[in-house]
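Note sheet for the following structure.
Indexing begins at 1, ligand by ligand and atom by atom, following the structure's order.
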Amino acid sequence: MKRIGVLTSGGDAPGMNAAVRAAVRTAIYKEVEIYGINRGYEGMIEGDLRQLKKSDVANIIHRGGTILRTARSEEFRTKEGRERAYKVLQEHGIEGLVVIGGNGSYTGAMHLSMEHGIKVVGIPGTIDNDIYGTDYSIGFDTAINTAVEAVDKIRDTADSHSRIFVIEVMGRHSGYIALHTGIGSGASGIFLPEKVNSINSFIQDLRKSSRRNKLFNLVIVAEGNENGGAHEIAEELKKDKAIDVRTAVIGHLQRGGSPSAMDRVLASQLAYHAVLGLLEGKNNVATGQIDKEIVFTPIKDSISLKKAPDESMIKMAEILAL
Ligand code: F6P
C-alpha cells in the first residue's frame with residue numbers, strides 16, 4: 001500500500017486526536033502517505049480530504065473533539081452514497097482506511113470494504129464503551145472521570161440540603177457510563193438501559209436507608225433507561241412527599257474536554273497497531289485491547305455481538321449502594 005486514509009465518524013470522543021496523531025506518524029514511519037478525511041463518511045462522499053504530514057498532527061494529543069471533525073452520514077448508509085465515496089478514494093489512490101468510531105462507523109466501513117474491496121481497519125472510539133472486541137473504547141475513561149467530577153460537585157449540595165439528586169448521564173443503548181459513574185461516585189441507585197428497575201422497591205430501599213440516618217442520595221440514570229431519564233424518575237420519586245428531589249443532566253459535557261492519560265495511551269496504541277495491521281494486509285477487522293493485549297476482531301463480530309456491563313459488576317454496585 002502506498003496511500004491510506006484516516007477518518008473519525010459518529011459521536012466525537014476524547015482521545016480521537018491522539019489516535020489520528022498516532023495513525024499519521026505510524027504511516028509516515030512506514031513510508032506510506034496518509035490522507036485525513038474530514039467529517040467522516042460525509043466528507044469522503046464530498047471529496048473533503050487532504051494529505052497529512054507529521055507537523056499537521058503536532059500539539060493535538062491533549063485536545064478533545066477531533067481535528068478531522070465528524071458527522072453521522074445518512075447518504076453513506078445507501079449503496080449509491082458508498083459508490084460516490086469509493087470513487088473519491090479511487091481518484092486519490094487511497095487503498096486502505098483507518099476508521100475511528102463506534103458501531104455505525106464500523107458498519108459503514110464493512111459495507112465499503114465488501115462492496116468495493118477497500119481494506120479497512122477500525123479503531124473503537126466512543127464514550128459509550130459498547131463495542132465488542134475491546135475492554136475499553138477511546139473516550140470512555142475521560143467521560144466517566146468528567147461525570148464523576150460533576151457528581152462530586154452535586155454531592156456537596158445534596159449533602160448540605162439532605163436531598164436526593166437524580167443525575168442523568170449519556171448512554172442511549174449502553175449502561176457502561178452510568179454503571180462506572182455510579183460505582184465511582186458511591187451512588188445509592190444506578191439505572192441502566194440493560195435492566196428494568198422497580199421504582200417502588202427503590203423507594204423502599206431509600207426509606208430503609210433513611211432509618212439508618214442516610215441523609216442524602218445520589219442516583220445515576222443512563223439516558224436510555226426504560227423508566228425514563230432523570231426528570232421522569234424524579235417525578236416518580238416525588239410521589240413520596242417525604243422525598244426532596246432535584247435533577248441534573250450532565251449531557252454533552254461528558255463528550256468534550258482534554259482526554260485522560262489512559263485515553264491518550266490507549267488511542268496511541270490502538271492506532272499504531274491499526275496502521276501496522278492494515279499495512280500487513282489485515283482487512284475488515286477492528287483493533288482492541290483485551291486483558292492488556294492488543295487484539296484484532298472481525299468487524300462483523302464487533303457489530304453483531306453485544307457488549308454489555310458485566311452482571312457481577314451490576315450486582316456489586318447494588319450491594320454497595322444502600
Ligand atoms: O454515542 C455517544 C453518544 O454520546 C451517546 O451516549 C448519546 O446517546 C449520543 O452519542 C448522543 O448523540 P448526539 O450528540 O448525536 O445527540
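- Annotation: cation-pi geometry not satisfied between K300 and Y106 (NZ/CZ under 6.0 angstrom from ring centroid, within 45° of ring axis).
- Listed by first then second residue, pairs satisfying side-chain hydrogen bond (donor to acceptor under 3.5 Å, both in side chains) with a partner in residues 9-21 read S9-S105, D12-R255, not counting sequence neighbours.
- Between the side chains of S198 and N200, not a single donor N or O lies within less than 3.5 Å of an accepting N or O.
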Just the distances, no angles: every ligand 1 N or O to protein N or O pair closer than 3.5 Å, one line each.
| unit_1 | atom_1 | unit_2 | atom_2 | d |
| --- | --- | --- | --- | --- |
| ligand 1 | 1 (O) | D128 | OD2 | 2.8 |
| ligand 1 | 4 (O) | R255 | NH1 | 2.9 |
| ligand 1 | 6 (O) | D128 | OD1 | 2.7 |
| ligand 1 | 6 (O) | D128 | OD2 | 3.4 |
| ligand 1 | 6 (O) | G171 | N | 3.2 |
| ligand 1 | 8 (O) | E223 | OE2 | 2.5 |
| ligand 1 | 10 (O) | R72 | NH2 | 3.3 |
| ligand 1 | 10 (O) | R255 | NH1 | 3.0 |
| ligand 1 | 12 (O) | R72 | NH2 | 3.0 |
| ligand 1 | 12 (O) | R255 | NH1 | 3.4 |
| ligand 1 | 14 (O) | H252 | NE2 | 2.8 |
| ligand 1 | 14 (O) | R255 | NH1 | 2.9 |
| ligand 1 | 14 (O) | R255 | NH2 | 3.1 |
| ligand 1 | 15 (O) | R72 | NE | 3.2 |
| ligand 1 | 15 (O) | R72 | NH2 | 3.1 |

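- The cluster map of Ile, Leu, Val, Met, Phe, Trp and Tyr, joined by side-chain heavy atoms under 4.5 Å apart, puts Y272 and L266 in different clusters.
- There is a side-chain donor-acceptor pair under 3.5 Å between K307 and N129.
- Between K195 and E226, no side-chain nitrogen of the basic residue sits less than 4.0 Å from a carboxylate oxygen of the acidic one, so the salt-bridge criterion is not met.
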